[in-house]
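Chain identifiers are assigned alphabetically (A, B, ...) following the order of the sequence lines, protein sequences preceding nucleic acid strands; residue numbering begins at 1 within each chain.
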Amino acid sequence: MLDPKLLRGQLEEVATRLQTRGFKLDVGAFARLEERRKSLQVETENLQADRKRKSKEIGIAKGKGEDVSALMQEVDGFAQRLAECEQQLEVLQKELLDLQLGIPNIPHASVPAGGGEDDNVEVRKWGTPTQFDFTPLDHVDLGVKTGALDFETAAKISGARFSVMYGPLARMHRALIQLMLDTHTREHGYREVYVPYMVNPESLQGTGQLPKFEEELYKLRGEKDLYLIPTAEVPVTNIARDMIYSEDQLPIRFACHTPCFRSEAGSHGKDVRGMIRQHQFEKVEMVQLVKPEDSHAALESLTGHAEAILQKLGLPYRVIVLCTGDMGFSSAKTYDIEVWLPGQGKYREISSCSNFEDFQARRMQARYRPKDGKKPELLHTLNGSGLAVGRTLVAIMENYQQADGSIRVPDALKPYMGGVDVISVPA
RNA sequence: GGAAGCGUGGCCGAGCGGUUGAAGGCACCGGUCUUGAAAACCGGCGAGGGGCGACCCUCCGUGAGUUCGAAUCUCACCGCUUCCGCCA
């Protein structure tokens, strides 16, 4: 959520900046609502002040044993109007809030302008696309050859966009999670955290998935309103909801492994082959809670933490900065990391690292108290995948494949693989 | 699932329906003292919001209700604790 004061005070500038990300702010509608709110709120509060004062007088008069019927009548005189005002104000404020909850974050000044993914800008590249002296297969064909991936069985059990993995490949999938968590906790200063996979609507509103993107979520049946998490970002960031941290507690860094559940509504026909886009996938997520002045530096280091995993695994990648038109709803700035996939002959997203500044914090009322003892301030939140596990597995399969369809185990994973160093093709 | 109890400021903890946004303590901030620190003492100190301002409003788990007036009374819901049962 944007700062309501900013919205009121600099409505036109805000609208202009939101336009760069393709969002049309209805300036007129907002201004009209805001004007009505202002006059109604002033009237309501004046009447409330009146009632408060008179009630106090009644108390005093009664204490002295005086007659209070005149005072009571005075209150009666405006009680009706007050009730109307209060009710209308409540409706109006709800309307304004709904409007504000639907407004995306303002892009940071350093974000390149652009209308869509074609305008994203590459900022660096690591490694070079893997070369083969044979024609490389994609992970689906490799999965068939090794007998380790089984989409048909997954379809039988659940449907499209699910996968079943067997043996050493399933183990490598688990090993990746271990490597990622160990790296972030031992080398990058994150605290490991375990969280619920089912969350309430308040949490989803806090991070920005609700109210606007409900169709992307799986909602559970049952007497409680619960949703499956689309990312660990939701439960982990909401740890900070309604909190006031002391300044010396910051920064807080969490690393968390969870499954993620996404309906992928609206991506029909996209990445239908293989395990690139699944309804269920594993991810290790990094979340940071920092002081406002530190958040952009934190985004750089957090992105580096995700890159470190790819470097350990020897997977070529590039980092791009998303342009204004391609960023997510809540983000002020986002780097995507794209890994080289020989099977597709292109770079594909494997991590997304974002600085939300105070956008999520305002929705969550996540704050900290500055050292000088003054008012609590909103903190800044960030998160990034470190990494998407399924896609990392795909990248390893495709980059580490050999001519016979077997897959070498990257050195960094060997300690976790119990002696297996090749996923071989059965005879 | 059954029974009982409890939800008050950053934390702990008082609070007869009426000058209570809330005693007290801790923490925190400022000061005195000290070579420095600690201790002691003095002072300050909840959050959110509105108004150009003088100021004003809201908030005691959440939501309804009673009342001129609710932290305080009623109802519902949520959460927590303890005991019993069941259970990975």
Side-chain angles (χ1 to χ4, degrees), chain A residues 1-11 30-101 194-206 220 222-227 235 238-250 252 289 291 358 361-379:
Chain A
M1 198 162 79
L2 299 180
D3 184 353
K5 289 195 183 101
L6 187 70
L7 222 38
R8 284 199 286 264
Q10 299 172 55
L11 187 55
F30 183 84
R32 273 193 300 280
L33 274 176
E34 186 45 37
E35 199 179 326
R36 276 180 59 210
R37 189 227 97 231
K38 189 162 158 178
S39 63
L40 194 57
Q41 182 162 352
V42 169
E43 181 178 4
T44 306
E45 290 185 0
N46 283 340
L47 290 172
Q48 284 174 331
D50 240 32
R51 178 185 60 189
K52 206 173 168 182
R53 201 177 315 113
K54 294 231 157 62
S55 293
K56 218 168 247 182
E57 284 172 26
I58 290 172
I60 293 168
K62 268 197 166 175
K64 293 184 194 159
E66 295 170 358
D67 176 40
V68 295
S69 54
L71 277 167
M72 302 265 267
Q73 253 180 5
E74 279 184 56
V75 179
D76 275 349
F78 61 81
Q80 180 73 26
R81 177 62 191 156
L82 175 57
E84 278 170 24
C85 283
E86 283 179 334
Q87 198 230 323
Q88 282 174 27
L89 183 62
E90 194 181 335
V91 171
L92 204 55
Q93 277 175 330
K94 174 83 170 62
E95 250 177 89
L96 267 165
L97 180 66
D98 286 347
L99 204 146
Q100 286 169 22
L101 285 173
Y194 171 86
V195 293
Y197 303 157
M198 301 189 276
V199 295
N200 57 32
E202 290 80 1
S203 294
L204 287 157
Q205 181 174 301
L220 297 167
E223 66 263 51
K224 300 200 177 178
D225 267 355
L226 289 173
Y227 298 80
N238 272 279
I239 290 173
R241 178 149 53 91
D242 296 322
M243 291 289 282
I244 301 178
Y245 293 101
S246 62
E247 181 172 338
D248 51 25
Q249 286 177 281
L250 301 180
I252 292 171
L289 311 172
K291 290 188 272 175
D358 63 11
R362 184 170 293 106
R363 289 171 163 245
M364 292 191 299
Q365 283 304 299
R367 296 169 293 171
Y368 78 101
R369 194 179 295 278
K371 202 73 177 163
D372 50 48
K374 296 303 162 227
K375 292 280 183 192
E377 280 182 37
L378 295 171
L379 44 76

Watson-Crick or G-U wobble mate for [N], both contacts under 3.5 Å:
{"N": "B:C52", "answer": "none"}
{"N": "B:C41", "answer": "B:G31"}
{"N": "B:C59", "answer": "B:G46"}
{"N": "B:A64", "answer": "B:U74"}
{"N": "B:G85", "answer": "none"}
{"N": "B:C6", "answer": "B:G79"}
{"N": "B:A22", "answer": "none"}

Regarding [X], tell me which of base, sugar-phosphate or nothing describes its non-hydrogen contacts under 4.0 Å with the strands shown.
{"X": "A:K224", "value": "sugar-phosphate"}
{"X": "A:K62", "value": "base"}
{"X": "A:P4", "value": "nothing"}

Between [X] ([atom1]) and [N] ([atom2]), how many Å, whole number?
{"X": "A:K52", "N": "B:U67", "atom1": "NZ", "atom2": "C1'", "result": "17 Å"}
{"X": "A:Y368", "N": "B:C28", "atom1": "OH", "atom2": "C1'", "result": "16 Å"}
{"X": "A:L250", "N": "B:G10", "atom1": "CG", "atom2": "P", "result": "16 Å"}
{"X": "A:Q93", "N": "B:G48", "atom1": "CD", "atom2": "C1'", "result": "12 Å"}
{"X": "A:L89", "N": "B:C59", "atom1": "CG", "atom2": "C1'", "result": "15 Å"}
{"X": "A:E90", "N": "B:C57", "atom1": "CD", "atom2": "C1'", "result": "15 Å"}
{"X": "A:D76", "N": "B:U67", "atom1": "CG", "atom2": "P", "result": "11 Å"}
{"X": "A:R241", "N": "B:U62", "atom1": "CZ", "atom2": "P", "result": "14 Å"}

Gap separating the [atom1] atom of [X] from the [atom2] atom of [Y], nearest 0.5 angstrom:
{"X": "A:E45", "Y": "A:D50", "atom1": "CD", "atom2": "CG", "answer": "13.0 Å"}
{"X": "A:K94", "Y": "A:L97", "atom1": "NZ", "atom2": "CG", "answer": "6.5 Å"}
{"X": "A:L7", "Y": "A:F30", "atom1": "CG", "atom2": "CZ", "answer": "3.5 Å"}

So which nucleotide from [options] ends up closest to the side chain of [X]?
{"X": "A:S55", "options": "B:A47, B:G69, B:C78", "result": "B:G69"}
{"X": "A:I58", "options": "B:A47, B:C68, B:G51", "result": "B:C68"}
{"X": "A:K38", "options": "B:G48, B:C52, B:U19", "result": "B:C52"}
{"X": "A:R367", "options": "B:A47, B:C57, B:C68", "result": "B:A47"}
{"X": "A:R51", "options": "B:G69, B:C57, B:A64", "result": "B:G69"}

Is a side-chain N or O of [X] found less than 3.5 angstrom from the main chain of [Y], in a donor-acceptor match?
{"X": "A:R363", "Y": "A:L204", "result": "no"}
{"X": "A:D358", "Y": "A:L378", "result": "no"}
{"X": "A:Q80", "Y": "A:G77", "result": "no"}

Using atom [atom1] of each nucleotide, how far apart are [N] and [M] to the nearest Å?
{"N": "B:G46", "M": "B:C12", "atom1": "C1'", "value": "15 Å"}
{"N": "B:U74", "M": "B:U66", "atom1": "P", "value": "15 Å"}
{"N": "B:G49", "M": "B:G65", "atom1": "P", "value": "26 Å"}
{"N": "B:C83", "M": "B:G69", "atom1": "C1'", "value": "41 Å"}
{"N": "B:C45", "M": "B:G25", "atom1": "P", "value": "14 Å"}
{"N": "B:A70", "M": "B:C60", "atom1": "P", "value": "11 Å"}
{"N": "B:G15", "M": "B:U8", "atom1": "C1'", "value": "9 Å"}
{"N": "B:U58", "M": "B:C42", "atom1": "P", "value": "35 Å"}

Query raised in the report: Starting at the 5' end of RNA chain B and moving along, which residue's nearest nucleotide shows up first, A:G59 or A:I244?
Result: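 Nearer the 5' end of the strand: A:I244.
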Query raised in the report: Pick the nucleotide of RNA chain B nearest each of A:M72 and A:Q48; which residue has the one closer to the 5' end?
Result: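 Per heavy-atom nearest nucleotide, the more 5' residue is A:Q48.
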Query raised in the report: Taking all atoms of both residues into account, what is the closest heavy-atom pair of A:A366 and A:A240, and its distance?
Result: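 What the structure gives for the nearest pair is CB-O, 3.3 Å.
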Requested in this report: Using only heavy-atom distances, decide whether a donor-acceptor pair under 3.5 angstrom links the side-chain of A:E45 to the base of B:G49.
Outcome: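 Check passes, donor-acceptor contact within cut-off.
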Query - Phosphate-side-chain proximity, A:R369 and B:C11, N/O vs OP1/OP2 below 4.0 Å - result: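 No, A:R369 has no side-chain N/O under 4.0 Å of OP1/OP2 on B:C11.
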Query raised in the report: Closer than 4.0 Å, any side-chain N/O of A:K56 to the OP1 or OP2 of B:G69?
Result: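 So the side-chain polar atoms of A:K56 never come under 4.0 Å of the phosphate oxygens OP1 or OP2 of B:G69.
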Query raised in the report: Can a salt bridge be assigned to the pair A:E84 and A:R81 using a cut-off of 4.0 Å between side-chain N and carboxylate O?
Result: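 The answer is yes: the pair qualifies as a salt bridge.
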